[in-house]
2 protein chains.
Amino acid sequence: MTGKREQNREQNRLALICAVLDSVAEKGISETSVSEIIQRAGLSRGMIHLHFGGKDNLVQAAAHHSSQEYYDGIEALLQTAGDSPQKRIEMIVRGDLSERILNRRNVSIWYAFRGEARNRTAIAEYSDTRDGRLRGMIHNAFSRIVREAGTPDAPGVARDATHGTLALLEGMWTDFLLHPDRFDRDEAARIIFRFLAAMFPAHFALTGAIRPDQGEADAPPVEAPQRRPEGPAA
Amino acid sequence: MTGKREQNREQNRLALICAVLDSVAEKGISETSVSEIIQRAGLSRGMIHLHFGGKDNLVQAAAHHSSQEYYDGIEALLQTAGDSPQKRIEMIVRGDLSERILNRRNVSIWYAFRGEARNRTAIAEYSDTRDGRLRGMIHNAFSRIVREAGTPDAPGVARDATHGTLALLEGMWTDFLLHPDRFDRDEAARIIFRFLAAMFPAHFALTGAIRPDQGEADAPPVEAPQRRPEGPAA
DNA sequence: AGTTTTGATGGACGATTGTCCATTTTTGAT
DNA sequence: ATCAAAAATGGACAATCGTCCATCAAAACT
């Protein structure tokens, strides 16, 4: 049985970590000072050194915690997915783009840590989506798809599809970071599936979300207000 | 004629900006202090306040400068591209993944600024690939491809292809950030073209670089025809 | 109950931050 | 050569940074 002592201890550790994440999400890493952290956590100054031995270690623990939360979220969603590989991929993609995982707070935290990742290897380790479980899940699913389709060069296609899908998801996150208000989750998912449908028509073409027909305006004729700076034929 | 006075002035301004970028690339944003900057620039402490009115403005100017350099690089490459839209897209993709643009220094700088973008709107403005010229160039090319191919829902496809291509490029950059040593430019390009080839078989399937075969193997007969009908039963 | 043990406190501390300005040096015009 | 204007210098400055420890409070054990 956990004594009241250890219970409080763990509770305060967590409070510090959450305070760091809140501050990073809200004010950014450069403004996340010791004073800011302990004020948010409602604890005393010495706690950081007591529990983590210094601010750097605390920040690292916060990065680890955030990363863990991300993977837990993805895996929780995956367990509700069916068996078919295309369903699993669809679940991962939609999950990764869902409000529960892709939101302002998480994106702020994720990119703040990545910005420092280059110079703090300990943090880089946790901000890598590619390694770890996610890549394995996706690759596994694509391998099955490609195998049962009898595609030539199956391993290469599966590997490239995995790499490409992960890159697309990363790109969508960046999109959200830069334009959180104008970001459209359904559009993001649709684009990814459009690419996947082009590569694996038998597996993704009929998926409900590929075509924008749903509720979306049927191909707005003058959607793109982009100027075209050049180009022979206008 | 520019007097020696103004000439020196401009030279020092630039020296400060470069010092910031060097420091950000090397040490990260959090360790880029005024002391660090003026030491790298070999100038005196007061210069920052003199020329930029404060450190924040200098950092912002550095972000602007870096962004400008990126676009200049892309546009320079584009001018050597041919007329055909697929050639232009290929040039953009390869250029964006080339050593000249995608390298450790640029990636470090780019992501360091992005990490702070959320809390510094002035910087966010410069760290956006999506707005600005790049998106317009790509969308313009895809529009032509889609139009001459007679694809149904042409505007939607062009828009999605643009969005997807940009997301893929972003994702590849993230890949490079996290694994600069194991990153493979050719593989990154191949994956992007594999996706594009799946979407526009007539335009990208025969492109020399889809296969990693090095020898280019001008359109291996086994490869190109088989890619499309993979769907129902291969 | 008393005693030990451990977590928690908050201020002291030196180091470093960015800003600013009195001063010196350099440039361009007289 | 002289002088006004502009640019560059480098140290003073208060504010803030993160670390650490003497002290206190409370839980756990005897």
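Hydrogens, waters and symmetry mates play no part in the numbers below; they use all other heavy atoms, side chains included. Letters A, B, ... mirror the listed sequences (proteins, then strands); counts begin at 1.
- Contact between the side-chain N/O atoms of A:Ser35 and the OP1/OP2 oxygens of D:dT16 is not found at any separation under 4.0 Å.
- Put simply, B:Ser33 has no side-chain N or O that comes within less than 4.0 Å of OP1 or OP2 on C:dT16.
- Atom pair A:Asp56:CG and D:dG18:C1' shows a separation of 9 Å (rounding to whole Å applied).
- Closest-nucleotide positions on DNA chain D for B:Leu43 and A:Glu31 were compared, and the one nearer the 5' end corresponds to B:Leu43.
- You won't find any donor-acceptor pair under 3.5 Å spanning the side chain of A:Arg45 and the base of C:dT9, going by distance alone.
- Taking atom NZ on B:Lys55 and atom P on C:dT19, their separation rounds to 8 Å, with Å as the unit.
- Straight-line distance from the CG atom of B:Leu58 to the P atom of C:dT19: 10 Å, rounded to whole Å.
- The CD atom of B:Gln7 sits 12 Å away from the P atom of D:dA8 (whole-angstrom rounding).
- Between the side chains of B:Glu116 and A:Ser30, a donor-acceptor pair is found at a separation under 3.5 Å.
- Closest approach to the A:Met47 side chain among C:dT19, D:dA8, C:dA8 is made by C:dA8 (side chain taken as heavy atoms from C-beta onward).
- Residue A:Arg9 is in sugar-phosphate contact alone, with no base atom involved, counting any heavy-atom pair closer than 4.0 Å across all strands shown.
- Distance CD (A:Glu6) to P (C:dT5): 18 Å, rounded to an integer number of Å.
- Between B:Asn12 and the phosphate of D:dA8, there is a side-chain N or O to OP1/OP2 separation shorter than 4.0 Å.
- Nucleic acid contact for B:Leu50: base, since at least one base atom lies under 4.0 Å from a heavy atom of the residue.
- Here C:dT19 presents its P atom at 13 Å from CG of B:Leu16, a figure rounded to the nearest Å.
- Heavy-atom nearest nucleotides on DNA chain C were determined for A:Asn8 and for B:Thr32, and the one closer to the 5' end corresponds to A:Asn8.
- Between the CZ atom of A:Phe52 and the C1' atom of D:dT19 there is a distance of 16 Å, rounded to whole Å.
- Separating the CD1 atom in A:Ile37 from the CZ atom in A:Arg45 is a distance of 10.0 Å, to the nearest 0.5 Å.
- Remark: B:Arg9 does not engage B:Glu6 in a salt bridge, criterion side-chain N to carboxylate O under 4.0 Å.
- The distance from atom NE2 of A:His49 to atom C1' of C:dG7 is 14 Å, rounded to the nearest whole Å.
- Geometrically, A:Arg190 does not engage A:Phe193 in a cation-pi contact, judged by NZ or CZ lying under 6.0 Å from the ring centre and within 45° of the ring axis.
- For B:Tyr70 and B:Trp110, the gap between ring centers is short of 6.0 Å.
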